[in-house]
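To start, the structure under review is shown below, and the notes come after it.
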Amino acid sequence: MKAYRMHLANAEKDLRATRTRIAPIDRVTGRNTMEKKGSYARNSSSDGRWRRLCAGVLSFLLVLAVGQTALAQNVAVSGTVTSAGGTPLPGVTVRVQGTDVRTVTDASGRFRISAPGDAVLSFSLVGQRPVQTTVAGRNTVDVTMAQVPYLEEVVVTAYTEQRRGDITGAVSSVNIEQATKQTQSSVLKAMDATVPGVTVSTSGSPGSRNTVRIRGISSFQNNDPLYIVDGMAVSDSYLNFLNPDDITSIQVLKDASSASIYGARAGNGVVLITTTKKGIAGPPQATLRVRTGVASPVRGYDEMVLTDALEYYKVVRQSFNNAGQPIGPPYQALYGDPNNPSVPLYTTAPPSAVTSRDAYGRITGVDLSQYSYPNSLIMPGSAGTNWWKAVWGSAPVSDYNLDVRGGSDENAYTVSANFFDQKGTAKYNDYRRGSLRANTDFTRGKFNFGENAVLTLSRQYGGSGTFDDTNGEGGILGKDILMQPVVSIYDVAGNFAGAKGVPAVNNSNPLQRAQSEKDNTTKYNQAFGNMYAGLNILPDLTIRTNLGFDLRQNGSNGFNTATPQDREPNFNNSIFEWDYQQYNWSWSNTARYLKSLNRHSLDLLVGQEANGGTNRFVQGTMSNLVLTGVDSRYLQDALGDPDTKNVFSNGGKSALLSLFGKIGYNFADKYVASYTLRRDGSSNLAPGHRWGTFPAIGLGWHISNERFLSGNRFLSDLMLRYGWGVTGNQNIPSGRVFAQYSGDRGDTFYDIAGANQSIVTGYRQLAIGNPDLKWEENRSSNIGADAVLLNGMFNVVFDVYTRRTDNLLFDPRTPATAGVASPPIINIGKMENKGFDFSIGHTASWWNVSFNGSHYKNKILSIDGEQDYFYGPDITRQDVMVINQVGHPIGSFFGLVTDGYFRDQADANAHLAIGNCGVGTGLTGVPCQSGAAPGRLKFKDTNGDGVVDNQDRTITGSPHPNFTMGIGLGAHRGQWDASATIFGTYGNKIYDDQKEWYVFRNFQTNVLKDMLQNSWSPQNLNAKYPRLDINDSYSVVPSTYYVEDGAYTRLRNVQIGYTLPGSARYLPGARVYIQGDNLWTHTNYGGLDPAIPPNASTGAAGDIRDQSMGIDRGSYPTNKVFSIGIVTSF
Amino acid sequence: MNIISKNSLLRGSALVILASAAIYGCGDFLQNAAEPQGSLNGASLASKDGVEGNLIAAYRTLDCAGSTTNEWGCAVSNWVFASVASDDSYKGSDALDQPSINDIEGYHWNTSPAGHYLNTKWVAMYEGVVRANSAIRLLRQVVGSSPTAISDADQKGIEGEAIFLRAHYHFEAYRMWGNIPYMREDDTDYRKANEDTTAVIADILSDLNSAIALLPDAPRNGQKGRASVWTAKAYKGRVQMYDHRFAAARTTFEDVVNNGPYDLETSFDRVWSAYLDAQNGPETIFAYQASSNDGEPNSNNANFGERLNFPYDPSHFGCCGFDPPSQNLVNFFKVDAAGLPLAVTSPTSWNADDAAFIAGNMAPVDPRLDWTVGRDGVPYKDWGLYSIKWVRDPANGGPYMPKKIIHEQGSGQEAAVGWVPQQQSSINMHIFRYADLLLMLAEAYIETGNRAGALTIVNQIRARAAVKAQGPGANRGDMAIDPSDTRITWAKYNVQPYPAFPDDNYARQAVRFERRLELAMEGQRLFDLRRWGIAKAVLNGYLRGTGPAPYGTNGGREDARRSYKTSAEDFGDKHRWYFIPQDQIDLSKVGTELRLKQNPLW
């Protein structure tokens, strides 16, 4: 377990703030034998103020003394600072005590400073115990710094910093170093492997959405945690605007006791992110980080499906043969003699262009001069198109970071720039981001102020629907990629070919889709940050104000091409354009009072916060553009068909007002207690119910500080924690208190005059309001322990919890007799999550390992009091396959249960009326099943009523894992270092909806390679696939046949680095490395990639993606990335 | 502590408190952000325009609307429920496409996929009811608060139209499910129990009577899409027929025939036509007013519910090959030498032909065949020769495609926008047309002892059918031509009047046959068969060739023609009504009681 690296930035201030309480801790941890070098203020009195005064006087005297000797004889001192484990420590501030002379260690931990021979050098680095040592005439001073014990780490929590030993809730720190090693646009993507209790689902599309869930799922919709970036709350499932390299800490507040200070929106947990990469006193120091690599999909469909046209035809032929039907003329016109098929010369040509046909009606000669686009197309047949390779391949990724840091005692700055460019492994798909950050901090006496601001511009090109997980049939990744191998990519004139002429195919050319969208650009322009000011009114009292802002201007414009070459041709092109503007702000004011008296210390925080925001969205579309080039893609009457021009806008507003307070109390560093109370008012809720109160308590017992454990060799340190609290959720669309009415030309307008081309305005109720809307409440309790075992050999953190959501905001369906207006959102549901998470870390002299694991069990306790189920979103052509049912987890798979295949005709007949089927009523005692035939799937009559029907559908699996784990490994030998991150998820199921296509061949898609060999036949009764049969419309229904084990273990990242010696001629101290992401995966899942993001789904009450977890509809596969990088400072 | 730091403490605290108070003090801070964005509120609609707009929206749900289109169960034509589920057509397309319809066609109506389409229909109908009721409530509110805001005539008209629409939507639900809940404007309990069929009919008739009392003689504002008193009267007769009140229906229909504004179109090609001069003609009693290129970017207002039912590529239309007419239906159009249906004169052999009935097969047929069915080698209105290549998967759905809903190329009414817009046009979708009314009156005549009246009507219909047949279609002038025209090389057309109806049974069969010929593919067939009480016999005969002629032992069985039909269930007593969507039953739960009860035998 890596220690959290507190930031130097606030060093001075933070130390001031925490020193009063550090005193007793030091007393306690004086027993800790990990401490190798002298630490400061060991003997300080319990009252920090006095101590500080003394220190000040001493410093003054030292300055006087040193100042004089410094003039006399300076020596050049150099050395290396390493950690207790031997790892070089970069970024350590080395000061000549009592002077302004300072420097910072480079990437290899080396420093060089000029100091008087009798000077005292002080070394400080956040997360490490400070070290002081005298030069004593040496030229080389090597220093080893000891890590601050786990419970002494100072972490940034809500509005303040806290020492771990004072935290009674479940707070995990993301190992930033481990997380940022992975090649990703957003740091969120790497959180699951480093923080127990956090799951993250994301696709391999560059810049794609992340579904982060903390300790299960608490609501039927909108389960994103609250992200607080530098004090500013953000709702964003991407967080691409934050360059991972700018992030200095991520804390995950997992339970109510820690999160309820954010009461309002903390129901799903809180992720606190700080970018306070502040300057370091001294001359500017620049660090350049460059990484570049090549990504490729972890797996391709071409490994799974047929790529040979005639092999595919055999599947078709078998399907006809088994159904007892002849191969019809359309197939003969393609493949010729059914018994001796061959690749067609042409799949289609207009009758006027055909010069000859063979006996089977196949086109054998064409007059190419008859070709004209788009009405007279001629397409060659293909012996086997590899559609996967046509669209997918390897793609470069590069990440450049430069930061410059510097300052003095009273001011510090960091300026950083980032450029990130990840091409998609799908063609014409790209994500680019540039960001510029400026963080400053100024101290003027008791006054401290500064800002953190980032300006980010990012662009997504092409790949529509892949960034936001709107997977499925359309697009470059849906079933289109399963186009038959006989279809060529290009026609005879070089235009895109399609399935025209190929029986019953409704796929589109996926390459054309990708190519036509190459200029579809989605722009994200964002200014984000905060300004803050603090004043130490009294040594014990600090007030602070923070103004955060999040300004976004996003926009997109795109083109939908005409597809005249398809079997369902579309001759109309169209364009769309949208623009979204958001203006969110937050202003918080806090006062913190810290007081220690003898063995008591008290930490009081009171505060007030206001959040406001507005957003606006405008969209336009137009069809039939005269010119289709990018320069003509504007919404102007003359550029297309003005009758098709359509414009739409909407918007939203929100406001939150909060008051909060927290009392923390610590007695003798043995007993810790805290009480938090927050009141929030939300504009989304009904006037009488706007205000919610969210209390929390926390208790901690630092049991190892008790006499009876003192000196225990096994338990070096142990703290037990208990927390209970309430958090809230009001994350619903605004305005749902009121009844809303509206109308739409395609929905309520009508041609009442019978004029055939004109419509009259009509209105309908859009949404039913709920004048009693109130807060959703999430109660959680957590029991945890933090332990350091065997003198620091192991760090162990363990938490068990229950979370229960009451008054869950939900829009339970109304019967159709209430109309299609959105049902009112009411506070009705109940949901529960129980689980545990833990982490164990071990650090040895040259290697370290951390292991974290978590488990949760989600259960719906109540839906609306009446209904005990509702279905998930209906996202495929088949039936629903997700149910949310009381007593089961959200998003459970649902369907029939397979019971093998019908063995033979007798077996099938027994299940039909002719066989007198029907348990109890029939003679055979076997249930009736419609469509029973040999080789078709047989389903279980689970309710035993003698008929297999929809009453027999049952829960067939859960997409929730039983256990997820992350392993972090690190090693260091000489100039070499290596690290690896492994992630694993177990017990979760995947619903492989792609089987609808590549097994059941709906719409004549391509099929799995072994279909012909491994489908049912009388000789292969226990086959992998049902019998090929064009009439089998029965086996395809949602059932356990689609449900597969989704467990996998993946080597997320492995990195090997070499640090050039400080004496190197070029780039001294620079670290170069090679790394691989996702190089190895172990899974039994048969589909493309077991890492599947939930399909994007939205209901009237918001985002309902948690109801479509684990459904494989063809997600953008994870990338395997090889890269090289360098980190160098100058 | 010294006094200064005390003061600082005070100052600091005061600052925080002040800052808090400043924001807190803005009492409107939360309220200002509370209003919904981009929508209207109830008060803004409390005006004449608001009331009229609510009524317009109630008309709009006649066919699939933006918010009621889930799958195509919302189609105004009921093509899935009354054509595919009957002997008129197959599902078509690809075996696995729209799997819900496989189950509807196979009479597996209680499956979950079938439930999707059934639920779509249920939702669409009750959304119509909700919109109609909303218009009535709002009208009351506006009139209550400002009695002069809406003229008396408009008040009555608006209420009459809304009540009429409510009756229509309930009737549609009744035709499907029989036992349904009836929702009026004052109902606030959405979880009402379903009524039995007697009560439902009584409620529909009661609403129609109210509408008749309120509606004007001619459509309000001269807008042809609106219901008039004659629409409501005609509709009332239809409901009475469904309830077997033949005498009452006869009276109602005779009033409409004698005093109403309706008449038959001069020729059959004008009945289903996108030409503006042929739309909303004398035959239209009530129709969904389709519109294309009206500014709506997805062609949602065109004949949206039918968009799947067009020939596939390489035809002009491109997609999607659903609802192909059955071999049985095509065979049914054959006539004998006397121009009477072969099914009448040769009840055991008319359906023997399993092969595609294509151009050049000169077995005489009723000219309505080539206005109803696309056949290989026969001109397809004015789109050139229909080709079997236009069929998406002939192995699955046979060689034919629908034709009535196809717009003429020359009409210029094709949509230009949306997904495969070639399928869409502003061709109006008949909900009730005069020929339908006349044939129901003929039924009523037979059941009330006036066979001669029935004969007159049937022959009137047949005479109109004989006026025009499909021509070469190079232009509008030669698209519909005299059936004996020599330019017709693909078929021999003949349709003649019945010389007499010798007895009631003969007459009853002749009227029923005529209804099938006239209204084929118009989404009436299954409802008619159920209304007549012969659905079981006809459909099992159709499927398996069982039972007596002319439907049963007649040489053809569809499970042999379309092999997937072997998996169909027999049409049984439970199929008298459709399965009520399980979803809706589950949603009717109050306490432990499911208020909605499933139909008998399901």
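Note that the structure is predicted; figures quoted are calculated from it, not measured. So that the names make sense, note that chain A is the first sequence line, chain B the second, and so on, each numbered from 1.
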Under 4.5 Å from a heavy atom of chain B, the part of [X] involved:
X         : value
A/Arg567  : both
A/Phe870  : neither
A/Asp952  : neither
A/Asn375  : neither
A/Phe738  : side chain
A/Ser758  : backbone
A/Gln740  : both
A/Asn1002 : both
A/Val948  : neither
A/Arg953  : side chain
A/Thr563  : neither
A/Ala739  : backbone
A/Asp874  : side chain

Over all atoms of both residues, closest heavy-atom pair of B/Ser567 and A/Gly931 =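 In this case the closest contact between B/Ser567 and A/Gly931 is OG-CA, 3.7 Å.
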Would you name the heavy atoms of A/Glu866 and B/Gly591 that are closest together and state the gap between them?
->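 Heavy-atom minimum between the residues: OE1-N, 2.6 Å.
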Got a donor-acceptor contact below 3.5 angstrom from the [X] side chain to the [Y] backbone?
X        : Y        : value
A/Thr817 : B/Tyr190 : yes
A/Arg745 : B/Gly295 : yes
B/Glu127 : A/Val820 : yes
B/Gln289 : A/Ala753 : no
A/Asn756 : B/Leu276 : no

Taking every heavy-atom pair that is under 4.5 Å apart, which of A/Gly746, A/Gly735, A/Ala655 has the most such pairs with chain B?
->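 Option with the top pair count is A/Gly746.
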Would you tell me whether [X] and [Y] have side-chain atoms, one donor and one acceptor, within less than 3.5 Å of each other?
X         : Y        : value
A/Arg616  : B/Gln37  : no
A/Asn1031 : B/Ser563 : yes
A/Gln1004 : B/Asp94  : yes

Atom CG in A/Asp751, atom CD in B/Glu296: separation rounded to 0.5 Å?
->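 The CD atom of B/Glu296 is 13.0 Å from CG of A/Asp751, to the nearest 0.5 Å.
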Measure the CD1-CD1 distance between B/Ile56 and A/Ile752 for me, rounded to the nearest 0.5 Å.
-> 4.5 Å
So what's closer than 4.5 Å to chain A heavy atoms on [X]: side chain, backbone, both or neither?
X        : result
B/Glu35  : both
B/Ala416 : both
B/Glu71  : neither
B/Val420 : both
B/Asn133 : neither

Find out whether [X] and [Y] are in side-chain contact, i.e. whether some heavy atom of one side chain is under 4.5 Å from a heavy atom of the other.
X        : Y        : result
A/Leu657 : B/Leu30  : yes
A/Ser930 : B/His108 : yes
A/Gln951 : B/Gln582 : yes
A/Asp879 : B/His116 : yes

In chain order, what residues pass the disulfide (SG to SG under 2.5 Å) check against B/Cys319, with sequence neighbours excluded?
->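 Result, disulfide (SG to SG under 2.5 Å) vs B/Cys319: none returned.
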Can you check side chain to side chain contact (heavy atoms under 4.5 Å, CB included) on B/Asp97 and A/Arg877, steps first, answer last?
-> CA-CA 8 Å; B/Asp97 199 357; A/Arg877 284 178 187 262; 3.3 Å; yes
Partner residues of B/Asp187 under the salt bridge (Lys or Arg N to Asp or Glu O under 4.0 Å) criterion, sequence neighbours left out =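 Listed in chain order: B/Lys192.
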Do B/Tyr288 and A/Tyr750 have their ring centres less than 6.0 Å from each other?
->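 That pair passes the under 6.0 Å test.
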Carboxylate-amine/guanidinium contact A/Asp747 B/Arg131, below 4.0 Å | yes
In terms of side-chain geometry, is the basic nitrogen of A/Glu568 or B/Arg392 positioned less than 4.0 Å from the acidic oxygen of its partner?
->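 A salt bridge is present here (some side-chain N lies under 4.0 Å from a carboxylate O).
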